[in-house]
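Computed from a predicted structure; not experimentally measured.
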Amino acid sequence: MKVRDSGMPDEEMWTGFFDPAKVLSIFGLDRGVRDLVEFGCGYGTFTLAAAGIAEGTVHALDIEPAMVSIVQQKCREADIANVRATVRDFVTAGTGLADNSMDAALLFNILHHEQPVELMKEALRVLKPNGMLAVIHWNYDPTTPRGPAMEIRPRPEQCIEWGREAGFRFNERHRYDLPPYHYGLLFRKPFA
């Protein structure tokens, strides 16, 4: 199932919004991460940065074959061997990853989907106890240059509520401003 239109800009504009390594560092994903799953890898903006910090495998999933091909090509060009980019409808079929197998999961600009809690529950399932779920989304602000329609764009409070409903812990000090147009939230899977 394809996710509702995200209003994602072209790659040149998109990459200008982020310093991917810095964003991952803000989330604390720059250390102690072995295996990571990225739900909707898109152009690979965060995939390649994650590959540089993950000690194991980065599972980059996307429903769009063209996006997966772009990520695979970028990995070949950069001689990156620890990314497994896969065409996968994770909304309908899940990630295909084992329970309690990932140290971290990325849900970046995807929670405007019709089933955000289900996506978060799948992240919870594959994360190890105390595993990290990093969420980024467009600010709830109609002046952003792109992004999903305001009626489906979640506010941080909505994402926090969904995360708790899915079974995650959230601490307010793990709410981040990611200028110019995004916010970030870090959730943890409970130990038991």
Side-chain angles (χ1 to χ4, degrees), residues 3-31 33 36-50 53-54 58 60-62 67 90-91 102-124 126-127 130-190:
V3 174
R4 295 189 281 190
D5 182 26
S6 67
M8 188 167 176
D10 63 45
E11 185 174 9
E12 184 178 344
M13 178 185 257
W14 178 249
T15 56
F17 293 155
F18 302 103
D19 176 341
K22 181 179 179 183
V23 170
L24 294 175
S25 177
I26 288 168
F27 281 116
L29 296 172
D30 57 343
R31 60 197 170 281
V33 174
L36 178 146
V37 59
E38 181 179 18
F39 290 69
C41 60
Y43 301 118
T45 305
F46 290 94
T47 311
L48 275 64
I53 59 169
V58 174
L61 311 176
D62 206 291
M67 295 290 103
F90 50 80
V91 173
M102 298 289 111
D103 297 296
L106 310 180
L107 286 173
F108 289 179
N109 294 299
I110 198 166
L111 288 181
H112 56 279
H113 185 271
E114 291 95 340
Q115 301 171 23
V117 175
E118 294 308 311
L119 286 177
M120 295 177 101
K121 284 182 179 179
E122 177 64 3
L124 185 80
V126 303
L127 283 170
N130 205 40
M132 297 180 282
L133 170 62
V135 169
I136 289 177
H137 219 295
W138 292 90
N139 289 331
Y140 193 82
D141 179 354
T143 66
T144 57
R146 292 301 292 263
M150 296 306 293
E151 60 267 14
I152 63 170
R153 190 181 303 198
R155 291 179 167 93
E157 296 74 23
Q158 289 171 301
C159 293
I160 293 166
E161 181 179 323
W162 294 334
R164 288 181 172 146
E165 183 180 340
F168 283 99
R169 296 185 332 248
F170 180 76
N171 186 310
E172 277 297 324
R173 72 174 188 264
H174 294 135
R175 184 192 298 232
Y176 308 104
D177 184 29
L178 303 173
Y181 305 116
H182 293 80
Y183 62 86
L185 306 167
L186 180 67
F187 298 86
R188 288 276 187 174
K189 179 174 179 173

Residue list, side-chain hydrogen bond (donor to acceptor under 3.5 Å, both in side chains) with [X], at least two apart or on another chain:
{"X": "Arg188", "result": "none"}
{"X": "Asp30", "result": "Ser25"}
{"X": "Asn139", "result": "none"}

Residue pair [X] / [Y]: nearest heavy atoms and the distance that separates them:
{"X": "Ala104", "Y": "Val33", "result": "CB-CG1, 4.4 Å"}
{"X": "Pro148", "Y": "Trp138", "result": "CD-CD1, 3.4 Å"}
{"X": "Leu24", "Y": "Ala50", "result": "CD1-N, 3.6 Å"}
{"X": "Phe187", "Y": "Gly163", "result": "CE2-CA, 3.8 Å"}
{"X": "Met132", "Y": "Phe27", "result": "SD-O, 4.1 Å"}
{"X": "Met120", "Y": "Leu107", "result": "CG-CD1, 3.8 Å"}

Mind checking the [atom1]-[atom2] spacing from [X] to [Y]? Nearest 0.5 Å is all I need.
{"X": "Leu133", "Y": "Met102", "atom1": "CG", "atom2": "CE", "answer": "13.5 Å"}
{"X": "Asp62", "Y": "Glu38", "atom1": "CG", "atom2": "CD", "answer": "8.5 Å"}
{"X": "Ile26", "Y": "Asp19", "atom1": "CD1", "atom2": "CG", "answer": "8.5 Å"}
{"X": "Leu127", "Y": "Glu122", "atom1": "CG", "atom2": "CD", "answer": "9.5 Å"}
{"X": "Gln115", "Y": "Lys121", "atom1": "CD", "atom2": "NZ", "answer": "10.5 Å"}

Step-by-step side chain to side chain contact (heavy atoms under 4.5 Å, CB included) determination, Ile136 to Asn109: CA-CA 6 Å; Ile136 289 177; Asn109 294 299; 4.0 Å; yes
For residues 167-174, which side-chain N or O atoms pair as donor and acceptor with protein atoms under 3.5 Å away, sequence neighbours left out?
| unit_1 | atom_1 | unit_2 | atom_2 | d |
| --- | --- | --- | --- | --- |
| Arg169 | NH1 | Lys189 | O | 3.4 |
| Arg169 | NH2 | Asn130 | OD1 | 3.1 |
| Asn171 | OD1 | Arg173 | N | 2.9 |
| Glu172 | OE1 | Arg175 | NE | 3.1 |
| Glu172 | OE1 | Arg175 | NH2 | 3.0 |
| Glu172 | OE2 | Arg175 | NH2 | 3.1 |

Contacts of Leu61 that satisfy side-chain contact (heavy atoms from CB on, under 4.5 Å) - sequence neighbours left out: Val37, Thr86, Arg88, Phe90, Thr95
side-chain contact (heavy atoms from CB on, under 4.5 Å) partners of Pro154, counting only residues at least two apart: Leu111, His112, His137, Gln158, Cys159, Trp162, Tyr183
Worked check of side chain to side chain contact (heavy atoms under 4.5 Å, CB included) between Leu106 and Leu29: CA-CA 10 Å; Leu106 310 180; Leu29 296 172; 3.7 Å; yes
Any Leu119 side-chain heavy atom under 4.5 Å of Val91 side chain: yes
From CA spacing to verdict: side chain to side chain contact (heavy atoms under 4.5 Å, CB included), Thr144, Arg153: CA-CA 12 Å; Thr144 57; Arg153 190 181 303 198; 2.8 Å; yes
